[in-house]
Amino acid sequence: MVKIITDSTSDLTEELLDKYDIDVIPLYIHLGDKEYKDGQEIRIEDAFKWSDEHKSTPKTAACSVDDAIKAIEPYKESGDDVIIFTISGEMSSTFKIIRMAAEELEYDDHVFVIDSRNLSTGIGLLIIEAAIMAQDGKSAKEIVDQINEYIPKSRASFVIDTLVYLARGGRCSAVTALIGSVLNIKPKIVVKDGTMDIDKKYRGSYKKVILQYVKELEPYMRNAKKDRVFVTHTPCNDGIVESVVEYVKSLDYFDEVLVTDAGTTIGSHCGPNTLGVLFIEK
């Protein structure tokens, strides 16, 4: 048996985690001197409220070695191979910590840690592909080899309504450089080579910008694997999510259009009214 595990940044719903039998290792959110497990002990709305009150982005931290050991131990006892997906190593030390945990357990020959080079459901897409292969009886090596082919094809992009949260967190230098020089910009952020950068700068109402962004993605979506596409978002206003989902479904291309909420680790750096459409290219 091959067990699939993810860190909490993959932003998969409980329904998807249950359907594909995926375990989660939480990252950590720090609001001042208080620490919370991502996806378990804090809501994204609480992080936004704290951020606005303190004019600062919550600090996010990698999983602990102990948490990683606890996640792996049951499968060492049953003798299973384990594949663990992490957020891009350029953004977090989670990959290194999980490798350390596997070595400490002396089970690293059976634990395959995959640096997704991505975030949010850009990771989730890879995880579901791996979980399906595991359910079909593929070996860990077969799964890892296929996932390594998918990693550079997993397309993650999103548009944010305000530059404030990303600038506070300092995770995207291009955003920081924009602050103070441009007003009313709503950037399209893309993940490329494991890091975030600005791909395009929109102006106008957020709803108008989001629909423009999705329409511009259409030719790329039509060149995607047809199995599924994610619409992943932080809390949005004015029926924006519903409008995007309706548009993507109207393409009549994907077998599944999956909608997920961004978790606190990802969402707290982006702010409210952030939305992305994520898929794997053919």
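Within a 6.0 Å sphere centred on CD of Glu15, heavy atoms belonging to other residues, nucleotides or ligands number 12 at most. Counted within 6.0 Å of CD on Glu106, heavy atoms from surrounding residues, nucleotides or ligands total 12 or fewer; the atom is thus considered open. Around atom CD of Glu246, no more than 12 heavy atoms belonging to other residues, nucleotides or ligands sit under 6.0 Å away.
Here the straight-line distance linking atom CD1 of Ile5 with atom CG of Leu17 works out to 12.0 Å at 0.5 Å rounding. Here Phe95 contributes atom CZ and Phe85 contributes atom CZ; the two are 12.0 Å apart, rounded to the nearest 0.5 Å. Taking CD1 of Ile210 as the reference point, atom CG of Asn273 lies at 8.5 Å (rounded to 0.5 Å). Note that the CE atom of Met221 and the NZ atom of Lys215 stand 11.5 Å from one another [nearest 0.5 Å]. Residue Thr195 holds its OG1 atom at 10.5 Å from CG of Asn118, rounded to the nearest 0.5 Å. Remark: Asp67 CG to Ile72 CD1 distance equals 11.0 Å, nearest 0.5 Å.
Minimum interatomic distance between Ile240 and Cys236 (heavy atoms only, all atoms of both residues): CB-CB, 4.3 Å. Minimum interatomic distance between Ala71 and Ile25 (heavy atoms only, all atoms of both residues): CB-CG1, 3.6 Å. Minimum heavy-atom separation, Pro235 to Glu45: CG-OE2, 3.8 Å. Minimum heavy-atom separation, Glu41 to Glu35: OE1-O, 4.1 Å. Residues Arg117 and Val191 share a closest heavy-atom pair of O-CG1, 3.6 Å. When every heavy atom of Ile83 is checked against every heavy atom of Ala140, the shortest pair comes out as CD1-O, 4.0 Å.
In this structure, Ser157 and Ile189 have side chains that are not in contact, with every pair of non-hydrogen atoms separated by 4.5 Å or more. Using a 4.5 Å heavy-atom cutoff, the side chains of Tyr150 and Lys225 are in contact. Side-chain contact between Thr60 and Thr264 is absent, with no heavy atoms from C-beta onward closer than 4.5 Å. Under the 4.5 Å side-chain criterion, counting only non-hydrogen atoms from C-beta, Ile128 is in contact with Phe230. The closest side-chain heavy-atom distance from Cys63 to Ile98 is below 4.5 Å. Lys192 places none of its side-chain heavy atoms less than 4.5 Å from the side chain of Asp197. For the pair Tyr75/His110, no side-chain contact is recorded, criterion being any heavy-atom separation below 4.5 Å from C-beta on. Between Val229 and Glu256 the shortest side-chain heavy-atom distance does not fall below 4.5 Å.
Ion pairing between a basic and an acidic side chain is recognised when a charged N comes within 4.0 Å of a carboxylate O; Asp145 and Lys141 show such pairing. The pair Asp46-Lys49 does not meet the salt-bridge criterion, since no charged nitrogen lies less than 4.0 angstrom from a carboxylate oxygen. A salt bridge links Asp23 with Lys3: at least one charged nitrogen is closer than 4.0 Å to a carboxylate oxygen.
Within the 3.5 Å criterion, the main-chain N or O of Val277 finds a donor-acceptor partner in the side chain of Tyr213. In this structure, Tyr253 contributes its side chain and Ala224 its backbone to a donor-acceptor pair below 3.5 Å. Side chain of Glu142 to main chain of Ser139: a donor-acceptor pair is present (N/O by atom type, distance under 3.5 Å, no hydrogens or angles). Judged purely by atom type and a 3.5 angstrom limit, Asp7 uses its side chain to pair as donor or acceptor with the backbone of Ile87. Between the side chain of Asp115 and the backbone N or O of Gly89, at least one donor-acceptor pair lies under 3.5 Å. Between the side chain of Ser51 and the main chain of Ala47, no donor-acceptor pair closer than 3.5 Å is present. Proximity of a side-chain donor or acceptor of Ser205 to a complementary backbone N or O of Lys208 within less than 3.5 Å is detected. The main-chain N or O of Gly194 is found under 3.5 Å from a side-chain atom of Ser88 such that the two form a donor-acceptor pair. Without hydrogens or angle criteria, Glu104 side chain to Met100 main chain gives no donor-acceptor distance under 3.5 Å. Counting only distance, with no hydrogens or angles, the side chain of Thr9 and the backbone of Ser120 share no donor-acceptor pair below 3.5 Å.
Tyr220 and Ile151 are not part of a single hydrophobic cluster, where members link through side-chain heavy atoms under 4.5 Å apart. One hydrophobic cluster holds both Tyr20 and Ile127 under the rule that ILVMFWY side chains link at heavy-atom gaps under 4.5 Å.
Applying the salt bridge (Lys or Arg N to Asp or Glu O under 4.0 Å) criterion to Asp199, with sequence neighbours excluded, gives Lys188. Asp38 meets the salt bridge (Lys or Arg N to Asp or Glu O under 4.0 Å) test with no other residue; sequence neighbours excluded.
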Test log, rule side-chain contact (heavy atoms from CB on, under 4.5 Å), inputs Val159 and Leu275: CA-CA 6 Å; Val159 176; Leu275 183 144; over 6 Å; no
Working for salt bridge (charged side-chain N to carboxylate O under 4.0 Å, His left out), residues Glu129 and Arg228: CA-CA 10 Å; Glu129 293 287 346; Arg228 65 194 58 82; 3.3 Å; yes
Show your working on side chain to side chain donor-acceptor pair (under 3.5 Å) between Tyr107 and Glu73 and close with a plain yes or no. CA-CA 9 Å; Tyr107 202 56; Glu73 271 183 323; over 6 Å; no
Using side-chain contact (heavy atoms from CB on, under 4.5 Å), reason through Lys59 and Tyr28 one step at a time and then give a plain yes or no. CA-CA 8 Å; Lys59 302 296 183 186; Tyr28 285 85; over 6 Å; no
Determine whether Thr232 and Thr260 satisfy the following criterion, side chain to side chain donor-acceptor pair (under 3.5 Å), listing intermediate values before the conclusion. CA-CA 5 Å; Thr232 300; Thr260 72; 2.9 Å; yes
Could you walk me through whether Glu149 and Lys153 pass the salt bridge (charged side-chain N to carboxylate O under 4.0 Å, His left out) test, one step at a time? CA-CA 8 Å; Glu149 291 185 19; Lys153 299 177 182 179; 5.5 Å; no
Determine whether Ser78 and Asp80 satisfy the following criterion, side chain to side chain donor-acceptor pair (under 3.5 Å), listing intermediate values before the conclusion. CA-CA 6 Å; Ser78 57; Asp80 296 322; 2.7 Å; yes
Can you list the steps and then say if Val2 with Ile143 is a side-chain contact (heavy atoms from CB on, under 4.5 Å)? CA-CA 9 Å; Val2 178; Ile143 295 169; 4.0 Å; yes
For side chain to side chain donor-acceptor pair (under 3.5 Å), just list the numbers for Gln212 and Glu216, CA-CA rounded to whole Å, side-chain angles, deciding distance to a tenth of an Å, and then say yes or no. CA-CA 6 Å; Gln212 181 182 347; Glu216 289 173 355; 3.1 Å; yes
So Ile114 and Ile147, side-chain contact (heavy atoms from CB on, under 4.5 Å) or not? Walk me through it. CA-CA 9 Å; Ile114 294 179; Ile147 293 302; 3.9 Å; yes
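A side-chain hydrogen bond (donor to acceptor under 3.5 Å, both in side chains) check over residues 93-102, counting only residues at least two apart or in different chains, returns the pairs Ser92-Thr94.
Under a cutoff of 6.0 Å and an axis angle of 45°, Lys186 and Tyr206 do not form a cation-pi pair.
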